[in-house]
Peer 1: 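Quick one: this structure, given as structure tokens, is what I'll be asking you about.
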Amino acid sequence: MTYCGRFAPSPTGLLHFGSLVAAVGSWLCARHAGGRWLVRVEDIDPPREVAGSAQAILAALPAFGLVADAPALFQSQRRDAYDAAFERLRAADLVFPCWCSRAQLAAEGGMHRDGRCIALPESDRPPAWRLRVPDVTIDFDDAQQGPQRQNLRDEAGDFVIRRVEGYYAYQLACVVDDAFQGITEVVRGNDLLDSTPRQIWLQQCLGLPMPAYRHLPLALDAQGRKLSKSEQAHPVDPTEPLPALRKALAFLDVQTSTGARSPAALLEAALERFDPARLPRLAARPL
């Protein structure tokens with residue numbers, strides 16, 4: 001099977017350093033394997049989107065030498081595919097409507113389990129829809145973080161796949177689109193490691209292939225906060241890409257050429273020295 005990787009940003013702001021690390025890491029893995037590299041815009045949460053950020057991110061990537069092998073896929077245009085996946089789950093009695101609020105669940109320990117709702121149905125308010133999660137343990141080997149194990153009932157519970165507003169949740173859209181795009185390895189930040197068991201379970205429920213996973217270390221600020229949540233998370237500058245690109249490669253312990261004068265030349269020099277096995281096996285690291 002031909003390797004296919006992807007970078008899937010959410011349009012909640014401009015491209016920042018943490019996202020650049022994920023983009024560079026996924027690009028290097030794809031090119032090292034002689035495979036394809038795709039971009040997907042995860043614009044399925046309109047209330048969180050920042051106007052213009054999707055186009056700004058797509059315009060910034062080529063400035064850093066990161067050119068995809070196909071036009072970007074927008075999740076906002078994939079509603080029919082998510083509807084079809086949802087109907088398959090509903091036909092198999094794997095989802096159920098839920099009117100439980102976060103406050104109600106918090107009072108009961110914060111987890112929704114065994115399909116048992118606290119709240120009664122409300123005819124005047126649409127429900128969220130949750131996936132019915134059994135007492136099942138998901139094991140997988142992450143290429144970067146090592147063996148992983150999670151009991152879904154205890155650690156995730158019945159999770160939402162369609163929200164009250166009608167928007168599909170990240171977990172469902174992600175697995176549907178990874179299968180649609182033929183992704184063979186998901187390379188992304190370690191903040192999404194905890195989502196992976198839920199995505200694997202959804203793949204099994206929908207009969208979709210399971211890609212390999214590689215979760216790169218998170219970039220932290222001086223106070224140990226995830227960079228995207230930090231005041232230090234200034235956007236990287238696509239008009240002067242080399243400093244941030246060199247910093248991203250150094251963060252990933254990838255050797256580069258000091259003489260490269262363009263992003264494309266710098267990435268090609270890095271690719272000659274790149275070995276995925278040498279990527280840092282850390283959950284997070286400071287800049």
Side-chain angles (χ1 to χ4, degrees), residues 8 10-12 40-49 73-140 148-181 183 186 188 191-211:
S10 298
T12 55
R40 180 169 77 229
V41 179
E42 298 193 330
D43 55 344
I44 53 168
D45 193 356
R48 293 184 62 238
E49 291 176 25
L73 182 75
F74 286 79
Q75 288 190 327
S76 58
Q77 300 173 8
R78 297 270 298 151
R79 175 82 191 203
D80 288 350
Y82 310 145
D83 284 342
F86 175 79
E87 290 304 327
R88 288 176 63 186
L89 294 171
R90 184 155 67 171
D93 194 29
L94 294 175
V95 296
F96 62 93
C98 174
W99 285 265
C100 299
S101 69
R102 290 182 181 178
Q104 289 171 317
L105 291 175
E108 298 293 327
M111 196 79 72
H112 197 299
R113 293 193 178 98
D114 305 321
R116 297 173 183 169
C117 287
I118 301 168
L120 295 174
E122 300 179 31
S123 59
D124 60 343
R125 186 169 70 92
W129 286 80
R130 294 181 181 271
L131 187 73
R132 202 183 307 276
V133 174
D135 186 4
V136 61
T137 298
I138 300 294
D139 293 277
F140 69 99
Q148 304 294 316
R149 165 170 283 206
Q150 185 182 98
N151 182 279
L152 284 183
R153 180 188 178 275
D154 293 343
E155 299 182 53
D158 305 321
F159 57 93
V160 172
I161 62 168
R162 196 170 79 182
R163 292 161 45 185
V164 170
E165 303 90 342
Y167 303 134
Y168 282 104
Y170 164 74
Q171 311 295 358
L172 180 70
C174 182
V175 301
V176 169
D177 288 339
D178 280 342
F180 175 73
Q181 292 186 288
I183 304 302
V186 172
R188 58 189 179 187
D191 54 332
L192 291 168
L193 180 64
D194 184 64
S195 289
T196 306
R198 281 171 282 173
Q199 293 176 11
I200 292 172
W201 180 243
L202 267 172
Q203 289 157 2
Q204 294 177 10
C205 291
L206 291 167
L208 300 177
M210 174 185 161

Peer 1: Would D178 and R40 count as a side chain to side chain contact (heavy atoms under 4.5 Å, CB included) if you check the C-alpha gap in whole Å, the side-chain angles of each, and the deciding distance to 0.1 Å?
Peer 2: CA-CA 10 Å; D178 280 342; R40 180 169 77 229; 3.0 Å; yes
Peer 1: Donor-acceptor pair, R113 side chain versus D154 backbone, under 3.5 Å?
Peer 2: yes
Peer 1: Which atom pairs, one a donor and one an acceptor, fall under 3.5 Å between side chains of residues 116-123 and the rest of the protein, sequence neighbours left out?
Peer 2:
residue, atom, partner, partner atom, Å
E122, OE1, R125, NE, 3.1
E122, OE2, R125, NH2, 3.2

Peer 1: Can you find a pair of side-chain heavy atoms, one from Y82 and one from Q75, that are under 4.5 Å apart?
Peer 2: yes
Peer 1: Tell me the closest heavy-atom pair linking G115 and R132, and the distance in Å.
Peer 2: CA-NH1, 4.3 Å
Peer 1: Restricting to side-chain contact (heavy atoms from CB on, under 4.5 Å), what partner residues turn up for E155, sequence neighbours left out?
Peer 2: Q150, N151
Peer 1: Please report the shortest heavy-atom distance between L206 and R88, naming the atom on each side.
Peer 2: O-NH2, 2.6 Å
Peer 1: Using a 4.5 Å cut-off on heavy atoms from C-beta on, say whether the side chain of S76 contacts that of E49.
Peer 2: no
Peer 1: For L208 and A179, work out which heavy atoms get closest and say how close.
Peer 2: CD2-CB, 4.0 Å
Peer 1: Can you confirm whether E42 sits close enough to D177 that some side-chain heavy atom of one is under 4.5 Å from a side-chain heavy atom of the other?
Peer 2: no
Peer 1: How many angstroms lie between atom NE2 of H112 and atom CZ of F96, to the nearest 0.5 angstrom?
Peer 2: 4.0 Å
Peer 1: Looking at CG of L172 and CG of L202, how far apart are the two atoms once the value is rounded to the nearest 0.5 Å?
Peer 2: 6.0 Å
Peer 1: Could you tell me which non-hydrogen atom of R153 sits nearest to which non-hydrogen atom of P134, and how far apart they are?
Peer 2: CB-O, 3.5 Å
Peer 1: Roughly how far, to the nearest 0.5 Å, is CD of Q203 from CD1 of I138?
Peer 2: 9.5 Å
Peer 1: Hey, does V176 have a side-chain heavy atom less than 4.5 Å from the side chain of Y168?
Peer 2: no
Peer 1: Shortest non-hydrogen contact from R149 to T137?
Peer 2: CG-CG2, 3.5 Å
Peer 1: Specify the closest pair of heavy atoms between I161 and V95, including all atoms of both residues, with the distance to one decimal.
Peer 2: CD1-CG1, 3.4 Å
Peer 1: Is it the case that atom CZ in F140 sees more than 12 heavy atoms from other parts of the structure closer than 6.0 Å?
Peer 2: yes
Peer 1: Only counting residues at least two apart or in another chain, list the ones meeting ring pair (Phe, Tyr, Trp, His ring centres under 6.0 Å) with F74.
Peer 2: none
Peer 1: Measuring from atom SG of C98 to atom CD of Q104, what distance do you get when rounded to the nearest 0.5 angstrom?
Peer 2: 8.5 Å
Peer 1: Side chains of S10 and Y170: closer than 4.5 Å at any heavy-atom pair?
Peer 2: no
Peer 1: Please determine whether side chain to side chain contact (heavy atoms under 4.5 Å, CB included) holds for the pair D45 and R163, giving the CA-CA distance in whole Å, both sets of side-chain angles, and the decisive distance to 0.1 Å.
Peer 2: CA-CA 10 Å; D45 193 356; R163 292 161 45 185; 3.1 Å; yes
Peer 1: How about C205 and W201: do any of their side-chain heavy atoms sit closer than 4.5 Å?
Peer 2: yes
Peer 1: Assign the ring pair F86 / W129 to parallel, tilted or perpendicular, where the plane angle (0 to 90°) is split at 30° and 60°.
Peer 2: perpendicular
Peer 1: Between atom CZ of R130 and atom SG of C100, what is the distance when rounded to the nearest 0.5 Å?
Peer 2: 6.5 Å
Peer 1: Measuring from D194:CG to Q148:CD, what's the distance to the nearest 0.5 Å?
Peer 2: 9.5 Å
